Amino acid sequence: MDTNGHKKICQTYITILKDEIALFGGFTAQIEELKDVVKKRDWEELEETINRMNETGKAIGYIEEKRNTQFLELKRSLGLGEKVRLKELLKMCETDMGRKISDFSSALKYEVIRVQATAKSLGYYVHGVYDLIYHILEELYPYTKGKIYSREGKTKQADQIPVMINRKL
């Protein structure tokens, strides 16, 4: 095993991990920005924010592909097969390099979880607002719920304010 070549591959892998961590951190900030834009109902800014997020998503996809390729290279440099997982690979690395790779891999997992949590938080917010508005409109305009049919069985538009008769009174 070429020690210098292996060390260089490890350093490159660590650099890629750092870059990916930074991208995910930026993506989390963009989701927070998206949440603020939705709250403000600034639809023009919403489109710009989504476009920036799409660009960041593409960059994350590119760097992830790069990381996977470098991980395969790292396995080859240690003479391991492609099915070997990170934990097994770390046992074969130098202690210092293995610890760094492990730390940055954990940091990357943390950033991915942060993105997921922030995105879910945005989803809960949007769903909550939708649900609130739906129930308010349903209380204000109960006659618009469902379809209205004519005596012939065809759907028709509701009058301005249809009269509901309560036959029990």
Side-chain angles (χ1 to χ4, degrees), residues 1-140:
M1 172 173 73
D2 177 17
T3 317
N4 287 336
H6 172 70
K7 201 169 196 169
K8 185 177 178 182
I9 292 169
C10 285
Q11 288 290 18
T12 304
Y13 187 69
I14 289 169
T15 302
I16 292 170
L17 283 171
K18 288 178 183 178
D19 292 345
E20 194 168 7
I21 290 166
L23 282 171
F24 272 108
F27 197 66
T28 302
Q30 287 177 335
I31 294 172
E32 288 291 344
E33 181 183 341
L34 181 67
K35 189 189 300 186
D36 292 339
V37 168
V38 169
K39 285 179 182 177
K40 292 177 192 171
R41 293 190 169 114
D42 184 351
W43 307 127
E44 290 173 13
E45 181 66 26
L46 177 71
E47 187 175 351
E48 292 172 17
T49 303
I50 290 172
N51 288 337
R52 283 193 303 273
M53 289 178 73
N54 284 336
E55 291 302 313
T56 303
K58 288 176 187 174
I60 288 172
Y62 171 75
I63 197 103
E64 185 174 357
E65 207 172 290
K66 199 171 164 184
R67 178 177 51 86
N68 289 335
T69 303
Q70 192 65 24
F71 187 62
L72 286 173
E73 188 65 32
L74 185 57
K75 288 179 188 180
R76 284 190 208 113
S77 76
L78 292 169
L80 301 172
E82 288 188 21
K83 295 189 178 190
V84 173
R85 300 183 62 102
L86 182 64
K87 280 187 177 181
E88 296 147 9
L89 181 137
L90 293 175
K91 292 176 187 174
M92 306 225 20
C93 285
E94 291 179 25
T95 310
D96 186 43
M97 279 297 170
R99 191 175 307 116
K100 284 182 180 178
I101 290 173
S102 176
D103 291 346
F104 286 115
S105 293
S106 296
L108 178 59
K109 285 179 187 177
Y110 170 75
E111 287 300 327
V112 169
I113 291 169
R114 270 188 55 202
V115 166
Q116 291 172 338
T118 308
K120 281 184 181 180
S121 142
L122 174 62
Y124 292 143
Y125 171 77
V126 169
H127 181 72
V129 169
Y130 167 80
D131 201 37
L132 177 68
I133 291 171
Y134 175 81
H135 288 300
I136 289 171
L137 290 174
E138 193 174 76
E139 286 298 318
L140 292 174

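Below, all heavy atoms of this structure are taken into account, side chains as well, without hydrogens, waters or symmetry copies. Keep in mind that this is a model prediction, so the values were computed, not measured.
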Q: Using the test salt bridge (Lys or Arg N to Asp or Glu O under 4.0 Å), find all partners of E47 that sit at least two apart in sequence or belong to another chain.
A: none
Q) CG of N51 to CG of L46: how many Å apart, nearest 0.5 Å? A) 9.5 Å
Q: Identify, with sequence neighbours excluded, every residue that meets salt bridge (Lys or Arg N to Asp or Glu O under 4.0 Å) alongside K40.
A: none
(Q) Just to verify, what does R114 make a salt bridge (Lys or Arg N to Asp or Glu O under 4.0 Å) with, not counting sequence neighbours? (A) E111
Q | CG-CG distance between D36 and D42, expressed to the nearest 0.5 angstrom | A | 11.0 Å
(Q) Could you report the tightest heavy-atom contact between T28 and T118, atom names first, then the distance? (A) CG2-OG1, 3.4 Å
Q.
Test of understanding: with ring pair (Phe, Tyr, Trp, His ring centres under 6.0 Å), list the residues that count as partners of F71, not counting sequence neighbours.
A. Y13
**Q.** Residue pairs, two or more places apart or on separate chains, that pass side-chain hydrogen bond (donor to acceptor under 3.5 Å, both in side chains) and touch residues 54-65
**A.** Q30-T56
Q: Could I get the full list of side chain to side chain donor-acceptor pair (under 3.5 Å) partners for Q70, not counting sequence neighbours?
A: none
(Q) E73: which residues meet the salt bridge (Lys or Arg N to Asp or Glu O under 4.0 Å) condition with it, sequence neighbours left out? (A) R76
Q. According to the ring pair (Phe, Tyr, Trp, His ring centres under 6.0 Å) rule, which pairs have a member within residues 33-55, sequence neighbours left out?
A. none
Review item, side-chain donor-acceptor pairs of residues 98-107, under 3.5 Å, at least two apart:
from : atom 1 : to   : atom 2 : distance (Å)
S105 : OG     : I101 : O      : 2.9
S106 : OG     : S102 : O      : 3.1

Q.
Tell me which pairs pass salt bridge (charged side-chain N to carboxylate O under 4.0 Å, His left out) where either residue lies in residues 16-31, with sequence neighbours left out.
A. E20-R67
**Q.** NZ-CD1 distance between K7 and I9, expressed to the nearest 0.5 angstrom
**A.** 13.5 Å
Q. How long is the gap from CZ on F24 to CD1 on I113, to the nearest 0.5 Å?
A. 11.0 Å
Q: Can you measure from CG (L86) to CG (L74) and round to the nearest 0.5 angstrom?
A: 8.5 Å
**Q.** Partner set under side chain to side chain donor-acceptor pair (under 3.5 Å) for E33, not counting sequence neighbours
**A.** R52
Please tabulate, one pair per line, all N/O donor-acceptor pairs under 3.5 Å involving side-chain atoms of residues 119-133, not counting sequence neighbours.
from : atom 1 : to   : atom 2 : distance (Å)
S121 : OG     : K35  : NZ     : 2.5
D131 : OD1    : H135 : NE2    : 3.2

